[in-house]
Amino acid sequence: MHVPDPHDSEAARPAPIRRAITLQASVERVLDAWTDPAVQSVLFAGFADFVESSREGSRWRVSAPLGQHPVVFLRTVGQSALRVQQDVEGDAGVLASLSLTARPCVNRDGVEAELQVRYAPDGVVERLAARLLDPTPPALAGQILRRLRAGLETGEVPTLQSNPAAR
């Protein structure tokens, strides 16, 4: 049995979070929506608020545990016909890496979109704060993809704002 060395930084990193969903949209439309700050503000609602956009990327105010609201920078670091790679940067450097891959489904209509999130909180306090996130990063990744699908397929993302009873 292999026991990872706790002092090895590669071994201490958590496995990437992967979530996938099938959408009725073109690959180009999925990737364009993913990089549009107006669409992102709907996708990240309740977790991060849009601050400003520039040619290099966009700034977001994140809702964090213990009443903190750090500002992070979302930068596109790579893009191809099927994938967008983005880094979330904070004061201490890259905090997370997001990768959205969109590819046509085989033997049926639609596109499969897979979101992969890599993050490795440094230090005991950061790891504890990551556990307190609500929703948790795996649940948040799924929620973001469901919002993306709803926005692309119906033109709107359902919220509880005008329907507080959730009916």
Side-chain angles (χ1 to χ4, degrees), residues 14-65 67-90 94-119 130-167:
I17 298 165
R18 288 192 174 116
R19 296 291 180 267
I21 200 164
T22 302
L23 307 158
Q24 295 302 313
S26 69
V27 169
E28 297 81 16
R29 191 165 167 229
V30 171
L31 296 179
D32 286 346
W34 182 256
T35 56
D36 182 354
V39 173
Q40 289 175 336
S41 66
V42 173
L43 300 179
F44 303 153
F47 176 70
D49 296 318
F50 178 75
V51 175
E52 65 181 351
S53 182
S54 68
R55 283 189 4 203
E56 292 81 31
S58 53
R59 292 197 186 287
W60 298 83
R61 181 167 285 107
V62 178
S63 299
Q68 296 185 11
H69 299 284
V71 174
V72 298
F73 193 72
L74 181 63
R75 179 188 315 273
T76 299
V77 294
Q79 187 165 357
S80 70
L82 299 176
R83 175 179 292 175
V84 175
Q85 179 74 36
Q86 296 174 310
D87 284 342
V88 179
E89 302 170 356
V94 176
L95 304 172
S97 176
L98 309 173
S99 175
L100 183 78
T101 304
R103 55 188 162 268
C105 293
V106 179
N107 298 326
R108 62 184 168 143
D109 291 338
V111 170
E112 180 187 58
E114 180 186 61
L115 177 60
Q116 180 175 329
V117 180
R118 289 183 173 276
Y119 79 105
R131 288 185 196 160
L132 297 175
L133 288 176
D134 184 26
T136 62
L140 184 61
Q143 182 178 17
I144 288 170
L145 283 178
R146 286 188 297 279
R147 287 178 177 179
L148 179 63
R149 178 175 59 194
L152 289 173
E153 292 180 357
T154 67
E156 65 179 310
V157 176
T159 68
L160 297 178
Q161 288 179 344
S162 63
N163 188 6
R167 292 186 202 145

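In what follows, every heavy atom counts, from backbone to side chain, and hydrogens, waters and symmetry copies are set aside.
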Q.
Counting only heavy atoms not in R61 (residues, nucleotides, ligands), do more than 12 fall under 6.0 Å from its CZ?
A. no

Q: Could you tell me whether R83 atom CZ has more than 12 heavy atoms of other residues or ligands within 6.0 Å of it?
A: no

Q. Counting N and O atoms only, with roles assigned by atom type, does the side chain of T35 sit under 3.5 Å from a partner on the main chain of D32, one being a donor and the other an acceptor?
A. yes

Q. Does the R149 side chain pair with the main chain of L145, one donor and one acceptor, at a distance under 3.5 Å?
A. no

Can you measure from [atom1] ([X]) to [atom2] ([Y]) and round to the nearest 0.5 angstrom?
| X | Y | atom1 | atom2 | answer |
| --- | --- | --- | --- | --- |
| Q40 | Q86 | CD | CD | 5.5 Å |
| E28 | L82 | CD | CG | 8.5 Å |
| S97 | Q116 | OG | CD | 7.5 Å |
| E153 | L148 | CD | CG | 9.0 Å |
| L31 | D36 | CG | CG | 12.5 Å |
| F73 | L95 | CZ | CG | 13.0 Å |

Q) Who pairs with A20 by side chain to side chain contact (heavy atoms under 4.5 Å, CB included), at least two apart in sequence or on another chain? A) E112, E114

Identify the two heavy atoms, one from [X] and one from [Y], that lie closest to each other, and give their separation to 0.1 Å.
| X | Y | value |
| --- | --- | --- |
| S58 | F50 | CB-CE1, 3.9 Å |
| V30 | A25 | CG2-CB, 4.1 Å |
| R147 | A45 | NH1-O, 2.8 Å |
| A113 | L23 | CB-CD1, 3.7 Å |
| L152 | A33 | CD2-CB, 3.8 Å |
| A102 | V27 | O-CG1, 3.5 Å |

Do [X] and [Y] have side chains that get closer than 4.5 Å, going by heavy atoms?
| X | Y | result |
| --- | --- | --- |
| I144 | F44 | yes |
| V62 | F47 | yes |
| R29 | V111 | no |

Q: Please assess I17 against L140 for the test side-chain contact (heavy atoms from CB on, under 4.5 Å), listing each intermediate value before the final yes or no.
A: CA-CA 10 Å; I17 298 165; L140 184 61; over 6 Å; no

Q: Test L74 against L98 for side-chain contact (heavy atoms from CB on, under 4.5 Å), laying out the working first.
A: CA-CA 9 Å; L74 181 63; L98 309 173; 3.9 Å; yes

Q | Criterion side chain to side chain contact (heavy atoms under 4.5 Å, CB included) against V72, the qualifying member of D87, V88, V51 | A | V88

